[in-house]
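Everything on this sheet refers to the single structure shown next.
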Amino acid sequence: KTDLPIFAVRQRLIEEFKKSETSIVIGETASGKTTQIPQFLYNCGLHKNGLIACTQPRRVAAITIAQRVAQEMGTPVGQEVGFCVRFEDSTSSQTRIKYMTDGMLLRESIGDRLLKKYSIIILDEAHERTIQTDVLFGVVKYAQVQRKAENHRKLRLIVMSATMDVDHFAKYFSSAPVLYVEGRLHPIKINYTREIQSDYIGAALTTVFQIHQEEPAQDDILVFLTGQEEIETVAQTIKDLQLSLPLSLPKLIVCPLYASLPHSLQLRAFKSTPADCRKVVLSTNIAETSVTIRGIKFVVDTGKVKAKSFNASTHLDILSVQSISQAQAWQRAGRAGRERHGIVYRLYTEAQYFNFSPNTVPEIQRCNVSNTILQLLAIGIKDIHAFDFIDPPSKESISSAFSELTLLGAVVQSGSKLYELTALGQKMSVFPLDPKLSKAIVCAIPQNCVEEMLSLVSMLSVESVLYTPQAKKDVALDVRRKFTSNEGDFVMLLNIYRAFKQSKGSKSWCFENYINHRNMNVVFEIRKQIRGLCLKANVPLTSNQRDMKVLRRCVAHALFTNAAELQTDGTYRAIDSNETVLIHPSSCLFQSKPSYVVYRELIHTSKCYMRDLCVVDPDWLYEAAPNYFQSKLKGRR
DNA sequence: TTGTGGTGT
């Protein structure tokens, strides 16, 4: 390990850390900064017996890095070195170096805004600009100043990032010194197309076969595409085309890679390639940051990505194919040069590259921020407009969040631009859930159906638990028919949860019923966690197993802004936005036409569809928000 | 009559 480039600058880093309260460390992955810098600080006693936090955007990273560092220090995980992620905390009173997800540190700041148990906080992978890291920037900056003002122990901050946006970070952190650590990336040759490619999928196929015919086997290829369907189509095309190639060429092993692919199939992409074969990994942006594949020599970059954007006027999240940023293009290119020099084929011209925006728009400017705002208020930040965001969300996005939270009764306006948490909002902020789902739990308390609501909310908090492979679609739908309900998908989900519980979490039960076992286990974990939070908050764990009507009424009280009304032409009208919407064909209510429903979410594809529905009585909607519905219905023609 | 980039509490 001592041959890592970081050891060459160890002394200089330590001196700089001693000198300045805030430092910025720039270094590529594989520079060793994440594993070594916390150890340097610990070994020279700079933490003064407080905790050293090192935050990561991803759970897996927090866990595996902690394990590696513990091994290097020759101690079991959980003693001097530990990790803390949702559902799993390995730390003990001995722990001094704590790897944690940034979301976890943010949660802790609700209990102590000054984060007093930490003497050093390292924000790692800052260039990824997740919502949580962005909010933490403001929280730790405030904590540092305020701790000084209140004569608490000094808080030392270290921001670690790849080579992007350096000036932006330095400026935000009052011109903190920037320290560079050499990476270990091998040289990469970049090729652009000479002409603009109108068909990036066709261009990707051509490039893959060109590499395949000209380059030695064993040199694997990574292709960046935008989504599952595209990847499966390209995979099939490569397999088909391979049949017409000369037999003398090496065999192509095609490996799709995307997050919703079952784990066992994902693993194929990481297996080493047999001699005389070549691996082609067809991946979404999961291979940009979340996973690393060894042995990649060629990267084929289509320059496209599927990304979310938020429309504050319609309150809609839209997922669409967009051009990547220049920073993303370099991140992708870097995937080629990890073990030896690599070659990158960019399927766009150099002029197009210079037209890409230099940096990816931070997530906080692309998504609905209701949850973030609720969290900031819970931390104790009263004036959101004055909060020191490194890049603030748009005014429209913030006011859209406030109007949603006001409607839900979570906040009230207490000044021209000031908002306060209500008692309800306080209760809601206890749960690490979408605000509407937190409210559903609170609504269940007076109706005495808390246990059922915990199950439902947990089911609604994961990606779909239904597993419907295209080839076995009819069988899957048929075997799951026993769970469906004319009261809607919410009741169906509760039925599935109950059957899964009765099977004692059986994997074979899931297999037989076309249910995703991995996601069901997450449902169990979430339920256990929020049930624990209820106990801590003295929420009575009441149960009403039979009466689904009372459960649906609570749902109506919490999700009334997601209500839709049947129109005479058979379509629905979303009452909040007045848009025409349809029942998604995957819903168990697809064949029926209930007069009023609430939905979990809208997805905008070929049409605007409501996904996950619950049949409601319009009276329940009025009960929940009389003024809102009166004005909404007045506007009707 | 259909489709889900990736994370996280």
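Applying the side-chain contact (heavy atoms from CB on, under 4.5 Å) test between A/Leu559 and each of A/Val597, A/Leu460, A/Leu408, A/Val598 identifies A/Val598 as the sole match.
A/Arg480 and A/Thr468 are linked by a side-chain donor-acceptor pair at a separation below 3.5 angstrom, with hydrogens and angles left out of the test. There is no side-chain donor-acceptor pair under 3.5 Å between A/Gln266 and A/Tyr258.
Closest heavy-atom contact between A/Asp391 and A/Ile364: O-CG2, 3.6 Å.
Aromatic ring centres of A/Tyr99 and A/Phe83 lie farther apart than the 6.0 Å criterion allows.
The side-chain contact (heavy atoms from CB on, under 4.5 Å) check on A/Asp102 picks up A/Thr55, A/Pro57, A/Thr130, A/Gln132, A/Thr133, A/Leu136, with sequence neighbours excluded.
A/Lys304 comes within 4.0 angstrom of no nucleic acid atom, judged by non-hydrogen atoms across all strands. Using a 4.0 Å heavy-atom cutoff across all strands shown, A/Arg58 reaches sugar-phosphate atoms only and no base atom. Residue contacts shown for A/Thr284 are limited to sugar-phosphate atoms, with no base heavy atom under 4.0 Å away. Within 4.0 Å of A/Val85, counting heavy atoms only, lie sugar-phosphate atoms of the nucleic acid but no base atom. Residue-level contact check: A/Tyr609 touches the backbone only, with heavy atoms under 4.0 Å from sugar-phosphate atoms and none from bases.
On the nucleic acid side, DNA chain B contacts chain A at distances under 4.0 Å to non-hydrogen atoms, with the end points of that region at B/dT1 to B/dT9.
When each of A/Asn371 and A/Lys308 is assigned the nucleotide of DNA chain B with its nearest heavy atom, A/Lys308 is the one assigned upstream, toward the 5' end.
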